[in-house]
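See structure below.
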Amino acid sequence: MFPRSDVAADILLPDDTILASFKSMRDGVVFTSKRVIAVNVQGLTGKKKDFTSMPYRAIQVFSVETAGTFDLDAELELFFSGVGKVRFEFTGRVDIRKIARSIAEHVLERR
């Protein structure tokens with residue numbers, strides 16, 4: 001998990017709060033009250049980061065794959081209008097169902 005206070009704090013709006021954040025080997029994802037922020041860590045030192053902000057309202061379809069006995073990673077695929085498919089992997093310790101419920105609330109709330 002990313003520390004909640006530092007990875008995306010500088011790009012948040014006053015009414016945009018971090019709900020959860022997760023880190024893979026280098027990259028990660030931050031879920032806020034308004035959007036999904038993909039964090040792409042670049043360079044040898046990892047100090048350079050690319051932040052891609054994708055609002056929940058642009059999600060057309062999403063898919064989750066739970067961790068299994070031998071495949072310990074869970075996966076989340078989000079399909080954004082104008083962007084296409086964005087895929088995130090999570091360790092087996094992450095409750096992917098909770099993430100899916102949160103995304104469903106944000107996506108279906110606008111319809």
Side-chain angles (χ1 to χ4, degrees):
M1 244 177 126
F2 281 124
R4 288 181 175 256
S5 61
D6 74 343
V7 71
D10 293 341
I11 64 170
L12 296 180
L13 299 172
D15 61 341
D16 195 10
T17 57
I18 295 174
L19 304 175
S21 60
F22 303 93
K23 185 175 191 255
S24 62
M25 293 295 280
R26 284 178 57 100
D27 300 331
V29 60
V30 178
F31 296 98
T32 77
S33 55
K34 296 182 175 285
R35 57 192 162 156
V36 178
I37 302 170
V39 182
N40 180 8
V41 178
Q42 301 174 348
L44 293 174
T45 64
K47 290 188 184 248
K48 183 176 179 181
K49 294 176 180 65
D50 172 68
F51 297 93
T52 302
S53 176
M54 300 163 284
Y56 292 113
R57 71 178 181 279
I59 296 174
Q60 298 295 308
V61 176
F62 70 94
S63 169
V64 295
E65 181 179 301
T66 60
T69 303
F70 298 108
D71 182 8
L72 301 178
D73 292 333
E75 297 175 6
L76 170 66
E77 289 184 339
L78 303 169
F79 296 83
F80 290 90
S81 60
V83 175
K85 179 172 71 169
V86 179
R87 185 172 170 268
F88 301 101
E89 287 189 14
F90 302 89
T91 64
R93 297 181 302 254
V94 171
D95 186 354
I96 194 72
R97 290 178 185 95
K98 185 176 179 181
I99 293 171
R101 274 193 306 274
S102 178
I103 290 171
E105 288 171 359
H106 284 93
V107 171
L108 298 175
E109 181 178 276
R110 66 179 161 89
R111 299 197 170 147

- Query: Are the side chains of Thr17 and Leu12 in touch, meaning some heavy atoms are under 4.5 Å apart?
  - Reply: no
- Query: Parallel under 30°, tilted from 30 to 60°, perpendicular over 60°: which one fits the rings of Phe88 and Phe31?
  - Reply: perpendicular
- Flag side-chain contact, heavy atom, 4.5 Å: Glu75 against Arg87: yes
- Query: Any side-chain heavy atom of Phe90 sitting closer than 4.5 Å to one from Leu76?
  - Reply: yes
- Message: Rounded at 0.5 Å granularity, tell me how far CD in Glu77 sits from CZ in Phe79.
- Response: 4.5 Å
- Message: Tell me the closest heavy-atom pair linking Arg35 and Leu13, and the distance in Å.
- Response: NH2-N, 4.1 Å
- Note on the structure: Hits for salt bridge (charged side-chain N to carboxylate O under 4.0 Å, His left out) against Asp15, two or more places apart or cross-chain, chain-then-number order -> Lys34
- For Pro55 against Phe80, the heavy-atom pair lying closest together: O-CE2, 3.6 Å
- Distance, nearest 0.5 Å, that separates OG of Ser81 from CZ of Arg57: 9.0 Å
- Checking side chain to side chain contact (heavy atoms under 4.5 Å, CB included) for the pair Arg97/Thr66: CA distance, chi angles, key distance, verdict? CA-CA 8 Å; Arg97 290 178 185 95; Thr66 60; 3.7 Å; yes
- Test item: Val39 and Val30 side chains (from C-beta on) under 4.5 Å apart, heavy atoms: yes
- Give, for atom CG of Leu108 and atom CD1 of Ile103, the distance between the pair rounded to the nearest 0.5 Å. 11.0 Å
- What distance do Lys85 atom NZ and Phe62 atom CZ have between them, rounded to the nearest 0.5 Å? 16.0 Å
- Distance-only, no hydrogens or angles: does the Asp27 side chain make a donor-acceptor pair with backbone N or O of Val41 under 3.5 Å? yes
- Query: Hey, quick one: are Leu78 and Val83 part of the same hydrophobic cluster, counting side-chain heavy atoms closer than 4.5 Å, chains of contacts allowed?
  - Reply: yes
- Message: How long is the straight-line distance from CZ of Arg101 back to CG of Asp95, given to the nearest 0.5 Å?
- Response: 6.0 Å
- Compare all side-chain heavy atoms of Ile37 with those of Thr32 and state whether any distance is below 4.5 angstrom. yes
- Task: Taking the side chain as every heavy atom from C-beta outward, state whether His106 and Val36 have any pair of such atoms under 4.5 Å apart.
- Result: no
